[in-house]
Each structure stands twice: as C-alpha cells, then as structure tokens.
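Throughout, protein chains are lettered first and strands after them, A, B, ... in sequence-line order, and every chain is numbered starting at 1.
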Amino acid sequence: MRPLRQHLAAAGLGLVVLFTAACSQPSAVSAADAPKTDTQAEPAHVAAGPEAPDFTLRATDGSEYTLSKELAAGKTVVLEWFNPDCPVSKAYHQPERRMNATYSEVPANVVWFAINSGGAGKQGAGLERNQRAVTEYEIPYPVLLDESGAVGRAYGAKTTPHMIVVAPPGVIAYDGAIDDGGPGQQATTNYVLAALTDLAAGRDVATPKTKPFGCSVKYGD
Amino acid sequence: MRHLPHGCALLIALVALLPASCQRPDPEPGAAPEVAVQAPSSGAASSAPRTDGSHGPAPPDGVQPGEMRPPADAPVAARWLAPRAALVRGEQALLGVRLVLAPGWHVYWPGQNDSGAPPHLAPALPEGVSAGAVRWPPPERHVGAGDVLDHVLEDAATLLLPVSVAADAPLGDVVLRARLDWIVCRDVCLMDGAELELPLQIVEAGTAPAARPEDAALLDAAEARLPGGEPAGLTLARDGDALVLRVPGANGLQFFPASDGLPLQDVLGTCAAHADTLRLQRDTRQHGTERLRGVLLVQRPDQPNTEHLVDRALP
C-alpha cells in the first residue's frame, strides 16, 4: 500500500471542498477549516487511501448528516450499505444482531451510518420501510436514505452489506466485507474492527480492501 | 429528504471513477515484451481443464427435458448426481451436484463478483472416499443496475466433484451427504441451503456397477462444458500495473477472473473487448495471489466461442 503524503491529503481535501461547493452544501466544512479541539491531537500517522466523496443525507428520524462535519470533528466514519429486506443484511441484523455487536466494540471516536441506496420502489427502499427496520432490528445508529443512489455510486457500493471506513482527513481506509463469513461459512475475522484497531494504533490498515459479500444494491434504473 | 442536484450526482460519480482507474482498454499489442505460451498449470483455479486437450462446441448443459424447474418462492433445486449405482474400491469417479433454478434467477460463480457469493458445498463422504476440488462450469457476465458486475450461473448448472475410493473402503450400503448453502438472486436475493443425500454402495474392485444413465448424461455434458486449456498463442505481458493479455486471431475476449486469482480493478470495463487484446488492471490495494487465474472466453470470426482456463504466474 502506498503511504499517502501530506500534500496528497491536502489535494483530497481540496476535492472535498470542491464537491461541497458543487453540491450547494454551504454548511459542510472541510477538515482543514475545522477548529482544533483538545480531543483532536495532531495525528502522528495520516491514514492512507482514496479520497472519500463528501455527502449530506437525511436519516429515517429526519436528522441530516454530513460526512465532512464528522471528519472535521475528528471522527472516523463507518459506512454500512444496508437493505432491510436483503437476506444477507438481515443475517447481520437478526437474530444475533452481529452488526450491533460489532458497533458496540468500535472505539469512541467512531461514527457509524447505515446507508440505503435503493431506488424508489425497489426492495427494502423508502422512508417507511427503513423507519420500521430501525425498530425491528434495534439499530442503534442512523440509517440514511440515498434514494437517488448518488452516494452509493460515488463510493462504488455494490452489495448489502458493503462496509467502508473513512478516516480523517477524508480517505477511504477500508473498503469491503464486514468479515470473512459467507453462505455456510462462519466468520473468523472482522475486517472492520481490524481496520479500526489499526487506525486507532496509528498504523496502516493491514487489509485495506476485500470483496464484500451480499445482495446487489437495488439502485434505481 | 434533500435530493442532490443532478449535476452534483454526476460530479460525484465522475470523481468516484477516478481512483478506480476505469479507463477502457487501450489495446497496444506488442507494446511490451511478451512471454511464450506456457502449458496450463494443473487445476489450481476454480475449474480444471478438460483432459483431452480439445474444446469444440459444448453440448447443452441447460435444463433438460424432464427436469422440474423449482417455483420462484424456492428458486433452487439441488441434488446429487452419480454415474453408477456404486462406487468401486480403488477407482476414481466424477460425481456432481446438479442445480436447477427457477426462470430469471441466478447463483454466483466463484469469480471477482461485485455482489453475491458462490454456492458453498460441504461434502460429507463415506469412510474411504475422498473428494478433490469442485470444478465449475464457465459463467456468464451479468450487469445489474448501478454497474454491478457479477459472473453467474443461470437455468441449470452442474458442479463436478472428483472423488477417489480407497482400496480398503468399507463395502456395502453408504450415503453420500453434503450441505449446500447458496445465495440466489433475481431482482431480489434469497439465502437458503439444503442437505443432499444419495444412497449408493461401495463394491469390490473389478465389479461393474449398473449405470444410472440420466445422471451419467448430465455428468458427461457438464464435463464437456468445462473450460479447455489455454488458447493457442496466448501471451501475457506486463505494462506497469496493467497486464496485456492477447490471443492472436480473436475478435472478442471476455475474461472471468477467479476469486482466488490476482485481484483486478474495474472488471466491468477492462475484462471484455471486441478485440484480440485485454488490458487488465491489477488492484494493488487488495491482497491476493500473484497468479492470473480465471476463464477466458474467446470469440473468433465464423467460429463457435471457446472457453479456456488461464492460470499463469505474472510475467
């Protein structure tokens, strides 16, 4: 893996800012503009990876979330592509609630968003279905709706679940499966927790990319 | 919810394409030194070459007359296939697991797919019977909304399982067992599985067991559908992070990269072309083997398509 140099990271931030401008999101700020707080120590190690496209999406409870705001606050952001009616997503949300179990183990500076990029009328899409899913699966983090699929396509999300870890200043530090489980195969390694552990320890993520396993994202046509 | 303006979505999509190196193939045969043809290596990939070296038009391996298609609410029917009523001590046999799908549904070939996962077969064979690696029929490319590329098996498919029977395997009635788990998709996906059982016998060496002609015909057809060895004249050259694969005389190529081979980027954009050359991009962020593995479909003018196993060390 190539270490990302500071000036490349700055270029990435430039892209994020450019995005923000193009998307008319005046409220979004880049990490570079964010005031430093005492919880935000100067990072000794800059996470490496492709630039993470910024986005603002609304959750099932009506709240609006912007990636760059979370990053500016020093948060590492986990994105989970989600479809309440995909049996693979379902298998991670019930009956053992393995996704919730993973969430319960993440470090304190981690924010987790589920994103549903299903198009209108597609399986598992829509506000009402996802509001119900939050209750049904006891999801403890926001479920964001991306009905146009713009954010899913920007990240190349292809499956549910598909996990992406975005680390400050705004790079994709991990992209792939939540773990190495599959049909008839028990998981032995949780790649997301491993990536978060590497990031927390100031290391390069040892396994930055894997093939996710799941249903295809039900994008609108 | 607030919708992003269309221009914004387009911009996001464009920027997202940049790190994925989604260039279309740029055929430049001879741009880099080429290596000579190697003999196909022995069955390390997910399917194995036919042993006779030939590869003519494949006989049909689709749904056969008399095979019942399952209903859409349980779209996979799976069963064991055995060519004879008994396994013979000290001999090898080619067994199979037959999948018949409801119309419009697909299961996944063990390739570099954007979604899904291949059926997982866990055989539990009688004492003295050991299994080799599953041999898969060649897949088809399937592109869904959002440019989701998968390599899939539709309608019907036979997974071939070579077995060896020990010279001292216990004689008598036995049951072949296997657990098969799958994800099957159409516009939606279902996950399910089945316990497969087939009562057989193990008999003394030198015995000629009764044929099971319907299963034997399906197994023969499946064996004939297996990819052949490498196509004549295949060359593979390295050009930076790109691999230039060329088959002289072809006017179309499709490469189906195996899941246990070199990870590739943008399989959708680079692994198929109406040309004699593919310019494959390795995915340097993803760990994997340093061998190019998969199945290559070759189209030639006025000839039937042929499918070939590729399993090569990188040049």
Using non-hydrogen atoms and a 4.5 Å limit, figure out which bit of B/Ala122 sits close to chain A: side chain, backbone, both or neither. neither

Please step through side chain to side chain contact (heavy atoms under 4.5 Å, CB included) for the pair B/Asp114 and A/Lys211, ending with a clear verdict. CA-CA 7 Å; B/Asp114 283 336; A/Lys211 275 282 174 198; 4.1 Å; yes

Grab the two heavy atoms, one from A/Tyr219 and one from B/Gly146, that are nearest each other, plus how far apart they are. CD1-CA, 3.6 Å

Between B/His287 and A/Ala206, is there a donor-acceptor pair closer than 3.5 Å when you use the side chain of the first and the backbone of the second? yes

Should B/Arg285 and A/Pro50 count as side-chain neighbours, where that means a heavy-atom distance under 4.5 Å? yes

Has A/Gln186 got more than 12 heavy atoms of other residues, nucleotides or ligands less than 6.0 Å from its CD? no

Under 4.5 Å from a heavy atom of chain A, the part of B/Pro118 involved: backbone

With chain B, the option among A/Val217, A/Leu144, A/Thr160, A/Thr159 that has the most non-hydrogen atom pairs under 4.5 Å is A/Thr159

In Å, rounded to the nearest 0.5 Å, how long is the span from SG of A/Cys215 to CD1 of B/Ile183? 4.5 Å

So which residue, A/Ser216, A/Pro183, A/Ala157, ends up with the most heavy-atom pairs under 4.5 Å with chain B? A/Pro183

Examine whether an atom of B/Asp283 lies under 4.5 Å from a heavy atom of chain A, and if so say whether it belongs to the side chain, the backbone or both; otherwise answer neither. side chain

With only heavy atoms counted, which part of A/Thr210 is less than 4.5 Å from chain B, the side chain, the backbone, both or neither? backbone

How many angstroms lie between atom NZ of A/Lys90 and atom SG of B/Cys189, to the nearest 0.5 angstrom? 12.0 Å

Contacting region of A/Ala59 [heavy-atom separation from chain B under 4.5 Å]: neither

Let's test your reading of the structure: which of A/Pro87, A/Cys86, A/Gly124 forms the most heavy-atom pairs below 4.5 Å with chain B? A/Pro87

Heavy-atom nearest pair, B/Ala117 first then A/Phe213, reads CB-CD1, 3.2 Å

Would you mind telling me which of B/Asp187, B/Asp192, B/Asn113, B/Asp181 has the largest number of heavy-atom pairs within less than 4.5 Å of chain A? B/Asp181

